[in-house]
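Quantities reported herein were computed from a predicted structural model and do not represent experimental measurements.
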Amino acid sequence: MNFWEYQINAKRTMNAELSEQEQLANLGLGLAGEAGEVVELIKKHVYHGHEIDKVELVSELGDVLWYLTNICNTIGMPLELVALHNVDKLKKRYPEGFDPKRSQDRED
């Protein structure tokens, strides 16, 4: 499955009755909530000694992806364009790969 196919499939489960403003609020809050669930799993693994539940982590990451994708759907933006923009930004910032020095001295 590519980004566009995922974007089409994710859109079918959006609540189409919401206005664009309500949609963005709902999706933004949902994204934050799901990201929090990812963070919680990692925190418990790193600081509480829990085994990382990769199946649960993948499920929560999928929820993050769903919300992100549907924010793109709401604003009419292809998810692939978001991914390409991010890769371009990172290539400019770290042309040779991640470098702690460039990270500390970077200009945004």
Asker: Nearest 0.5 Å please: distance from the NE2 atom of H45 over to the CG atom of D53.
Answerer: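 Going from NE2 on H45 over to CG on D53, the span is 11.5 Å.
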
Asker: How many angstroms lie between CD in Q104 and CG in D99, if you round to the nearest 0.5 Å?
Answerer: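 Here the interatomic distance stands at 9.0 Å.
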
Asker: Is there side-chain contact between T69 and N73, with heavy atoms separated by less than 4.5 Å?
Answerer: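 In short, these two side chains touch, coming nearer than 4.5 Å.
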
Asker: Kindly write out the residues that satisfy side-chain contact (heavy atoms from CB on, under 4.5 Å) with L84, not counting sequence neighbours, or none if the list is empty.
Answerer: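 Counting only residues at least two positions away or on another chain, L84 forms a side-chain contact (heavy atoms from CB on, under 4.5 Å) with E80.
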
Asker: Can you list the residues that meet the side-chain contact (heavy atoms from CB on, under 4.5 Å) rule with K44, with sequence neighbours excluded?
Answerer: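 Listed in chain order: E40, H48, H50.
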
Asker: With the 4.5 Å side-chain cut-off for hydrophobic clustering, are I52 and V38 part of the same group?
Answerer: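 I52 clusters together with V38.
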
Asker: Please report the C-alpha distance between K89 and N86 in whole Å, then the side-chain angles of each, then the deciding distance to 0.1 Å, and finally whether the side-chain contact (heavy atoms from CB on, under 4.5 Å) criterion is met.
Answerer: CA-CA 5 Å; K89 177 181 78 173; N86 183 253; 3.8 Å; yes

Asker: Which value, rounded to the nearest 0.5 Å, describes the distance between M14 atom CE and N26 atom CG?
Answerer: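 Spacing of CE (M14) from CG (N26) equals 8.5 Å.
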
Asker: Distance from I8 atom CD1 to E5 atom CD, nearest 0.5 Å?
Answerer: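 Going from the CD1 atom of I8 to the CD atom of E5 covers 9.5 Å.
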
Asker: For a quick test of reading the model, state the closest non-hydrogen atom pair linking C72 to V82 and the distance between them.
Answerer: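 The pair with the smallest heavy-atom distance is SG-CG2, 3.7 Å.
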
Asker: Which donor-acceptor pairs under 3.5 Å do the side chains of residues 56-67 make with protein atoms, sequence neighbours left out?
Answerer:
unit_1	atom_1	unit_2	atom_2	d
W66	NE1	A10	O	3.3
W66	NE1	T13	OG1	2.8

Asker: Please check if the number of heavy atoms outside K91 that lie under 6.0 Å from its NZ is greater than 12.
Answerer: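 Incorrect, the count does not exceed 12.
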
Asker: Looking only at heavy atoms, which two atoms of Q7 and M77 are closest? And how far apart?
Answerer: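 Closest approach of Q7 to M77: NE2-O, 3.0 Å.
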
Asker: Please check if L18 and L29 belong to a single hydrophobic cluster, counting links between Ile, Leu, Val, Met, Phe, Trp and Tyr side chain heavy atoms closer than 4.5 Å.
Answerer: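 Not linked; separate clusters.
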
Asker: Determine, using the 4.5 Å side-chain heavy-atom cutoff (strictly less than), whether L90 and L79 are members of one ILVMFWY cluster.
Answerer: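 Not linked; separate clusters.
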
Asker: Please determine whether residues M1 and L68 belong to a single hydrophobic cluster, defined as Ile, Leu, Val, Met, Phe, Trp and Tyr linked transitively by side-chain heavy-atom distances below 4.5 Å.
Answerer: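 M1 and L68: one cluster.
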
Asker: Hey, what do you get for OG1 (T74) to NZ (K11), rounding to the nearest 0.5 Å?
Answerer: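 Answer rounded to 0.5 Å: 8.0 Å.
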
Asker: Does L81 belong to the same Ile/Leu/Val/Met/Phe/Trp/Tyr cluster as L27, with side-chain heavy atoms less than 4.5 Å apart forming each link?
Answerer: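 Yes, it is one cluster - the side chains of L81 and L27 are joined through contacts under 4.5 Å.
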
Asker: Look at atom CZ of F98 and say whether more than 12 heavy atoms of other residues, nucleotides or ligands are closer to it than 6.0 Å.
Answerer: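 Yes.
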
